[in-house]
Asks: 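Sharing a structure with you now.
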Amino acid sequence: MSSNNDHIKLRLLWENGKRCAICGKKIKHYEDLSVDHIVPISKKGKKTIHNCQLAHKWCNSMKSDHMPDEYERMLRYNKKRIIRMRVRRMIMFW
């Protein structure tokens with residue numbers, strides 16, 4: 001891990017607290033912490049503090065290189081899909 005990345009993590013922790021910017025839950029352990037680029041580097045995002053946010057490692061991994069609006073749409077679609085599957089199961093066993 002680079003010292004610049006550590007500097008960014010510490011500054012974001014100081015400014016924003018220990019909350020994951022993706023799921024909103026508290027980040028309990030420093031080992032679970034990662035720096036997410038809001039606009040991914042692969043999509044011409046910059047490596048600046050203004051393009052970074054704290055996230056759980058697994059949340060950052062799930063977001064991958066999606067833009068924030070793409071990821072939000074993907075989450076909404078998956079939530080609807082999960083709800084439909086649960087309703088079908090309930091009807092089947094009812």
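Here the structure is a predicted model, which is why all the values come from computation and not from measurement. FYI, side chains are in, hydrogens and waters are out, and symmetry mates aren't considered; it's all heavy atoms of this structure.
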Asks: Which atom pair, heavy atoms only, marks the closest approach of K9 to L54?
Replies: O-CD2, 4.1 Å

Asks: As an exercise, state the distance from CD1 of I27 to OG of S34, rounded to the nearest 0.5 Å.
Replies: 7.5 Å

Asks: So how far is it from I8 CD1 to L13 CG, rounded to the nearest 0.5 Å?
Replies: 12.0 Å

Asks: Got a donor-acceptor contact below 3.5 angstrom from the H56 side chain to the A21 backbone?
Replies: no

Asks: Can Y30 be reached from V35 by stepping across I, L, V, M, F, W or Y side chains whose heavy atoms are under 4.5 Å apart?
Replies: yes

Asks: Hey, what else clusters with I38 if you join Ile, Leu, Val, Met, Phe, Trp, Tyr whenever side-chain heavy atoms sit under 4.5 Å?
Replies: none

Asks: Could you grab the distance from atom SG of C59 to atom NZ of K25, nearest 0.5 Å is fine?
Replies: 8.0 Å

Asks: Enter the distance from N60:CG to I22:CD1 here, rounded to the nearest 0.5 Å.
Replies: 5.0 Å

Asks: Does atom NZ of K43 have more than 12 heavy-atom neighbours, drawn from other residues, nucleotides or ligands, at distances under 6.0 Å?
Replies: yes

Asks: Within the side chain of K57, is there an N or O that forms a donor-acceptor pair under 3.5 Å with the backbone of E31?
Replies: yes

Asks: Distance from C20 atom SG to W58 atom CH2, nearest 0.5 Å?
Replies: 8.0 Å

Asks: How many angstroms lie between atom NZ of K63 and atom CD of E72, to the nearest 0.5 angstrom?
Replies: 12.0 Å

Asks: Provide the closest heavy-atom pair for D36 versus A55 in the form atom of the first, atom of the second, distance.
Replies: CB-CB, 4.1 Å

Asks: Could you identify which residues cluster with V39, counting Ile, Leu, Val, Met, Phe, Trp and Tyr as linked when any side-chain heavy atoms lie under 4.5 Å apart, either directly or through a chain of such contacts?
Replies: M67

